[in-house]
Amino acid sequence: MKKWFNEEYEFELTVKGYLRGDKTEGLCRNGEEIGDVYHSTYGSPVNEEGFGICPKLMMIVYPIMEAIRSGGSLKNIGGSDVFEKDIVCPDGCVIFHLSAKPLNNPNFYTGEIVHEN
């Protein structure tokens, strides 16, 4: 992989809690624990050990990330702030907190992107 574009946002997903019980054994295949943190700019979020976020969660998170990249506000979809929202995994087990941080780089589609070879 040769990443050539500096993305305009950094995303962080933190495991905030559980909806059922006090552990994920038997409920979450990814084994999420409260306090686990995943980071991403454009690719799928990974934790400090290099493990990726649950692919089921990405089905929910990716459109939300795209909404932010498109200038939207997470407040419009139930977020606590323009760049923050709690999300429940599709299995109804783990509660994640998503936050976005602007990096002040040009937008991929509307910015004047200079690609140097």
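The shown structure was predicted, so the numbers you read here are calculated from the model rather than taken from an experiment.
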Q | Inter-residue atom distance Leu27.CG - Tyr18.OH, 0.5 Å rounding | A | 10.0 Å

Q.
Within the 4.5 Å heavy-atom criterion, are Val37 and Glu12 side-chain neighbours or not?
A. yes

Q: Work out which heavy atom in Pro90 is nearest to a heavy atom in Ile60; give both atom names and the distance.
A: CG-CD1, 3.6 Å

Q) Looking at CG of Leu13 and SG of Cys54, how far apart are the two atoms once the value is rounded to the nearest 0.5 Å? A) 11.0 Å

Q) Which pair of heavy atoms, one from Glu10 and one from Thr41, lies closest together, and at what distance? A) CA-CG2, 4.3 Å

Q: Rounded to the nearest 0.5 Å, what's the gap from CD1 on Ile64 to CD on Glu66? Could you check?
A: 11.5 Å

(Q) Could you measure the distance from the CD1 atom of Ile53 to the CG atom of Asp36? Nearest 0.5 Å is fine. (A) 8.5 Å

Q | Single-linkage hydrophobic cluster Tyr62~Ile77, side-chain heavy atoms < 4.5 angstrom | A | yes

Q.
Please find the pair of heavy atoms, one from Asn105 and one from Glu7, that lie closest to each other, and give the distance.
A. ND2-O, 2.7 Å

Q) Quick one: side chain to side chain donor-acceptor pair (under 3.5 Å) partners of Thr110, sequence neighbours excluded? A) Asn107

Q: Indicate if Val88 and Val15 have the same hydrophobic cluster label, given that clusters are the connected sets of ILVMFWY residues with side-chain heavy-atom separations under 4.5 angstrom.
A: no

Q: Compare every heavy atom of Leu74 with every heavy atom of Asp81, then report the nearest pair and how far apart it is.
A: O-CB, 3.5 Å

Q: Say whether Ile68 and Met59 are linked into one hydrophobic cluster, either directly or through other cluster members, by side-chain heavy-atom distances under 4.5 angstrom.
A: no

Q | Pairwise salt bridge (Lys or Arg N to Asp or Glu O under 4.0 Å) hits with a residue in residues 38-63, at least two apart | A | Lys56-Asp91

(Q) If hydrophobic clusters are built by linking Ile, Leu, Val, Met, Phe, Trp and Tyr wherever their side-chain heavy atoms come under 4.5 Å apart, do Val46 and Leu103 end up in the same one? (A) no

Q. What's the spacing between Leu57 CG and Glu32 CD if we round to 0.5 Å?
A. 8.0 Å

Residues 93-102 side chain polar contacts: donor-acceptor under 3.5 Å, at least two apart:
residue: His97; atom: ND1; partner: Asp86; partner atom: OD1; Å: 2.7
residue: His97; atom: NE2; partner: Glu84; partner atom: OE1; Å: 2.7

Q) Which heavy atom in Pro45 sits nearest to a heavy atom in Met65, and how many Å separate them? A) CG-CE, 4.4 Å

Q) Considering residues, nucleotides and ligands other than Phe5, do more than 12 of their heavy atoms fall under 6.0 Å from its CZ? A) yes

Q) Closest heavy-atom contact between Tyr38 and Asn30? A) OH-ND2, 3.8 Å

Q: Determine whether the aromatic ring centres of Tyr42 and Phe108 lie less than 6.0 Å apart.
A: no

Q. Can any side-chain N or O of Ser73 pair as donor or acceptor with the backbone N or O of Lys75 at less than 3.5 Å?
A. yes

